[in-house]
Amino acid sequence: MSGHTIVNVGYRSTHFWVISAGSNRLLVDLGWPGRWGELVANLRRMDIPLYEIRYGLATHYHIDHAGAAQDMKNAGVPLLVMDAQVEAIPLMARHTKPADNYTEILPDDNLVISCAESRGLLAEIGLAGQILRTPGHSSDSVSLLLDSGEVFTGDLTHPSYFSVEEPAVVAASWRLLRQKGALRVHPGHRPIFPIQAIPTNL
Ligand SMILES: [Zn+2]
């Protein structure tokens, strides 16, 4: 398996990652509602052709991560949805205001797969890795874990903020990622940090 590159095309204090294996690319987290154009502008600045993005995956269906999902689909990029996320999609709209210009996500043309199927799908676009369920921040949260150890965790809670969410669920998700080989954590809003920053005795 050849190498891959990682580029952050985020804006508004939120990271959106393009992981590329040559000209096959995966977008992890999709942008704020009504602001798809800002992500497209960042892609252009980084010389990443939109048409090379094979799929967009949201780590979870909160508006800062998935608010632009339908705009992305309308621009020709298929939405990859984990089966554990399907029910969360329609609920996201409740957290949008008319001024957000949110485009409702259509349910019928998404590619829905299970975590067990994720390795095969990623291999088709040249990426060695898997998508794992990592609940805690939200029940629909998933992480993309590459075999190289890079992991994209969305808002999976950093231990510094444990008090605000269910600590046992969050701890189990971190244990799973560590067990599966996570090394470098790419969170949704904070700087990249090593997995060693997560205490082992959670
Ligand atoms: Zn969130």
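In each ligand, atom 1 is the first atom listed, and ligand 1 is the first ligand listed.
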Quick one: do Met46 and Trp36 end up in the same hydrophobic cluster if we chain Ile, Leu, Val, Met, Phe, Trp and Tyr together by side-chain heavy atoms under 4.5 Å apart? yes
Check this for me: does any side-chain nitrogen of one of Asp64 and Arg12 sit under 4.0 Å from a carboxylate oxygen of the other? no
Hey, what's the ring geometry for His60 with His65, parallel, tilted or perpendicular (30° and 60° as the breaks)? tilted
Pull up every protein N/O/S atom sitting under 2.8 Å from the Zn ion (ligand 1), skipping waters. His60 NE2, His62 ND1, His137 NE2, Asp155 OD2
Identify whether the distance between the nearest side-chain nitrogen and carboxylate oxygen of Asp147 and Arg119 falls below 4.0 Å. yes
Which residue in the set Leu156, Leu132, Thr153 passes side-chain contact (heavy atoms from CB on, under 4.5 Å) when paired with Ser173? Leu156
For Leu27 and Leu57, run side chain to side chain contact (heavy atoms under 4.5 Å, CB included): C-alpha distance rounded to whole Å, both residues' side-chain angles, the deciding distance at 0.1 Å, then the answer. CA-CA 6 Å; Leu27 177 64; Leu57 169 74; over 6 Å; no
